[in-house]
Protein chains: 2
Amino acid sequence: MSRPSNAAHVTLADVAAHAGVSRATASLVLRDTGSLTEDTRNRVRASMNELGYVYHRGAASLRASRTQSIGVIVSDISNGFTAELTVGLEEALAAAGVVALIANTLESTDRQELLVRSMLERQVDGLLIIPAIGTTRAMAERLSTVGVPVVIASRDIAVPGLSYVGIDNVTGGSCAAEHLLTHTNGPVAFLGGFTELGPRQDRVAGIKRALATASDAWLEVDIPGPPNGSWGLETARRLLDDGSLPPTIICLNDQVAFGVYRALREARPEGPSPVRVVSFDDVAEAALWEPPLTTIAASGHEVGVRCADILLGRIEAPDGPTVRTLITPTIVVRESCGCLV
Amino acid sequence: MSRPSNAAHVTLADVAAHAGVSRATASLVLRDTGSLTEDTRNRVRASMNELGYVYHRGAASLRASRTQSIGVIVSDISNGFTAELTVGLEEALAAAGVVALIANTLESTDRQELLVRSMLERQVDGLLIIPAIGTTRAMAERLSTVGVPVVIASRDIAVPGLSYVGIDNVTGGSCAAEHLLTHTNGPVAFLGGFTELGPRQDRVAGIKRALATASDAWLEVDIPGPPNGSWGLETARRLLDDGSLPPTIICLNDQVAFGVYRALREARPEGPSPVRVVSFDDVAEAALWEPPLTTIAASGHEVGVRCADILLGRIEAPDGPTVRTLITPTIVVRESCGCLV
DNA sequence: TTGTAGGCGTTATCAT
DNA sequence: ATGATAACGCCTACAA
């Protein structure tokens, strides 16, 4: 039962010697291959346990082609959507016996390049990347030559040779606007998100498309910014000071909406303001918020699972085609949009 | 400029041949060691670029002792505190040129064992673990024999040979209760958290200690449960139905508090209830909440940085002592505790 | 300053 | 059913 922690390093040769077989045989039981006696198998396994043997994947990767691991490089793991994505990915990967090695770029493209390199040095079988802000097309193109399948998630960079999985934000945007149009009109604001990123571009496009079908509604305010609550708070404060905040607001995500509501409360402490707000993501807090947020829900989990499927497939069949998948979001109608009042 | 993506695999020998030097020389420029001509160095580096050489860390780890990577095994990356922790860790590690490979147990001890094994197979230089619920002392003891430094974070399991970094939750708990005692008394509720985990145990201990100094305040309701908003909502609903929810409430974390507030609003839609709430963590939404949450803030970032320091230190000096560090949290007084009203 | 010659732990191909 | 043996890509003495 007790592990000999003093042993410098137990190798397959040690195990083989201890079990009285050759290294080759020990290797076979390790991989559950070949035709070996149950008895031999058990004896070798017993020796492994007794000696505290640890497989050396680095050495194995010298000969074998797979490491059963894929590298996951995300821009910001503290983003709820991203976290959910990694969970879906890990669940789907676990079923295939491959592990995800996750690392954060913190939105630095330098760090991103370093991490890609680092993952490749570790012989990962595939790569999943949520590109950092500022990732150029040239950087993305280089990814298509790394020798293992790569899938880009969330932030689209259409490059041949790279697969992509993301949310259909155009549909999401028009869905948000269409819903608002059923019970409101006039000027609309869109708040938050970086203009250089697909999610914002697509959501705005969808919103504009929907608004274009109405004669009495238009996008009057459109301000880009970081997708977080404090930016939402600041921006809404400023707009409220100006008197230029429209009563119908679409926020890039729930976080921004939280900030907007804080600003509204500061401005009119006496009671809820007559605004209509729709946001995106449906994070856990959205349903608990006052008022509960109407939001466009997209499943990070589903994106993660899809990424796993694609990677696993392309690892099996490296010459298969690259794929582009869009997950369709759905609107969750609660109270913030004002239609239930 | 163009990478030969067709090349099966470029090795150091290829690079050496291309640059007209020996493998040993090429290896030296790889590691920036030895005394080589600037010219030789440049020539070799040029060949590396031209050939698209990728360092094979697995092969290197056969001879070298370090892989410049540490394994990070967390119970749930979508927890804000955990995410923040990994960011602090990665920042501190990056300065030392080591990368963190993160994986999620999803609170499964089976998966935890698998991931520990997997990280060790990949020859990580150290291990950081936030134990999954249900991790036994025996499992933890086995960690002290893995041959690389291990630090446990957040959830304490005191085992010789393992370092620990966490939040001083006893102080946090007493801090919360003491603050409430300055302007309230009577029955108090503590809601959320798993009884088998240190954070809850310590917070309750701190709260009881502080309450014991007052003659007219006591912990009347103490209900364990999952540390999330939906549990907070359900539980508060039930207590409200019974009429057994005390007006003074301490929540395991902000999420639980969010759920409690939702239940309060459902119960009295006409306006804010006269409750006093203090929670833990100070996640981004806490300041934006209505009312803004008074909460015990602990820096996950700081915990992460400390973990990195300890690991790097012990990797340098494997025989150094194991350390236990507690980060002291601070109270952020906002409106939910009712003292500003 | 550079080259030569093992050896690290594993897998794969052949024999036996 | 099992065993020899030769790679795999890199590092490290040591020799030149």
Side-chain angles (χ1 to χ4, degrees), chain A residues 7-45 47-48 51-69 117-118 120-125 147-148, chain B residues 7-45 47-48 51-69 117-118 120-125 147-148:
Chain A
H9 197 70
V10 180
T11 80
L12 241 203
D14 299 329
V15 172
H18 186 273
V21 298
S22 73
R23 274 146 62 220
T25 306
S27 177
L28 288 178
V29 356
L30 204 54
R31 289 169 291 144
D32 267 324
T33 14
S35 40
L36 301 180
T37 320
E38 251 332 279
D39 176 56
T40 319
R41 253 183 234 292
N42 290 333
R43 224 172 52 246
V44 173
R45 274 202 256 269
S47 297
M48 286 182 179
L51 266 35
Y53 169 72
V54 179
Y55 185 58
H56 193 309
R57 257 199 161 66
S61 74
L62 236 31
R63 300 285 322 202
S65 50
R66 308 274 171 77
T67 57
Q68 304 291 65
S69 50
R117 178 169 202 88
S118 178
L120 292 174
E121 289 179 356
R122 289 176 171 78
Q123 311 297 117
V124 291
D125 301 330
V148 296
Chain B
H9 198 72
V10 180
T11 80
L12 241 203
D14 299 329
V15 171
H18 185 274
V21 299
S22 75
R23 276 146 61 221
T25 305
S27 175
L28 288 179
V29 356
L30 206 52
R31 287 169 293 141
D32 267 326
T33 13
S35 38
L36 302 179
T37 319
E38 253 328 283
D39 177 55
T40 320
R41 252 182 234 292
N42 290 333
R43 224 171 53 247
V44 174
R45 275 202 254 267
S47 297
M48 287 182 179
L51 264 35
Y53 170 72
V54 178
Y55 185 57
H56 193 309
R57 231 165 246 284
S61 74
L62 238 31
R63 300 286 320 205
S65 49
R66 307 274 170 78
T67 57
Q68 303 291 64
S69 51
R117 180 172 199 86
S118 178
L120 292 174
E121 289 178 357
R122 290 174 171 79
Q123 310 297 116
V124 292
D125 301 330
V148 296

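Here the structure is a predicted model, which is why all the values come from computation and not from measurement. In the text below, chain A, chain B and the rest are named by the order of the sequence lines, each starting its count at 1.
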(message) Heavy-atom nearest nucleotide on DNA chain C for A:Arg23 versus B:Leu28: which residue maps closer to 5'?
(response)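 Counting from the 5' end, the first nearest nucleotide belongs to B:Leu28.
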(request) Could you say whether B:Gly20 or A:Leu12 is positioned toward the 5' end of DNA chain C, judged by the nucleotide with the nearest heavy atom to each? (result)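 Of the two residues, B:Gly20 wins.
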Measure from [atom1] on [X] to [atom2] on [N] and round the result to the nearest Å.
{"X": "A:Arg57", "N": "C:dT10", "atom1": "CZ", "atom2": "P", "result": "12 Å"}
{"X": "A:Arg66", "N": "C:dT11", "atom1": "CZ", "atom2": "P", "result": "15 Å"}
{"X": "A:Gln123", "N": "D:dG9", "atom1": "CD", "atom2": "C1'", "result": "9 Å"}
{"X": "A:Asp32", "N": "C:dT11", "atom1": "CG", "atom2": "C1'", "result": "15 Å"}
{"X": "B:Tyr55", "N": "D:dC8", "atom1": "OH", "atom2": "P", "result": "19 Å"}
{"X": "B:Leu30", "N": "D:dT12", "atom1": "CG", "atom2": "P", "result": "11 Å"}
{"X": "B:Leu120", "N": "C:dG9", "atom1": "CG", "atom2": "C1'", "result": "16 Å"}
{"X": "A:Asp14", "N": "C:dG9", "atom1": "CG", "atom2": "C1'", "result": "10 Å"}

Candidates [options] - which lies nearest the side chain of [X]:
{"X": "B:His56", "options": "D:dG3, C:dT2, D:dC10", "result": "D:dC10"}
{"X": "B:Thr40", "options": "D:dC11, C:dT2, D:dT2", "result": "C:dT2"}
{"X": "B:Thr37", "options": "C:dT1, D:dG3, D:dG9", "result": "C:dT1"}

(message) Measuring to OP1 and OP2 of D:dG3, would you say a side-chain N or O of A:Thr25 lies under 4.0 angstrom away?
(response)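 Affirmative; the distance criterion is met.
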(message) At less than 4.0 Å, is any side-chain N or O atom of B:Thr11 found next to OP1 or OP2 of D:dG9? Yes or no.
(response)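 No, B:Thr11 has no side-chain N/O under 4.0 Å of OP1/OP2 on D:dG9.
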Is any side-chain heavy atom of [Y] closer than 4.5 Å to one of [X]?
{"X": "A:Val54", "Y": "B:Arg117", "answer": "no"}
{"X": "A:Asp14", "Y": "A:His18", "answer": "no"}
{"X": "A:His9", "Y": "A:His56", "answer": "yes"}
{"X": "A:Asp32", "Y": "A:Arg41", "answer": "yes"}
{"X": "A:Leu62", "Y": "B:Leu62", "answer": "yes"}

(message) On DNA chain D, does the nearest nucleotide to B:Leu62 precede the nearest nucleotide to B:Arg31 from the 5' side, or the other way round? Give the residue.
(response)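 It is B:Leu62, whose closest nucleotide lies nearer the 5' terminus.
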(message) Heavy-atom nearest nucleotide on DNA chain D for A:Leu36 versus B:Ala59: which residue maps closer to 5'?
(response)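 Result: A:Leu36.
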(message) Ignoring hydrogens and geometry beyond distance, is the side chain of B:Arg63 in donor-acceptor contact with the base of C:dG7 at under 3.5 Å?
(response)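 Yes, the side chain and the base share a sub-3.5 Å donor-acceptor pair.
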(request) Indicate, with a heavy-atom threshold strictly under 4.0 Å, whether A:Ala24 touches base, sugar-phosphate, or nothing. (result)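 It contacts base atoms.
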(message) Within the 4.0 Å heavy-atom criterion, would you say A:Ser27 contacts the bases, only the backbone, or no part of the nucleic acid?
(response)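 Base contact.
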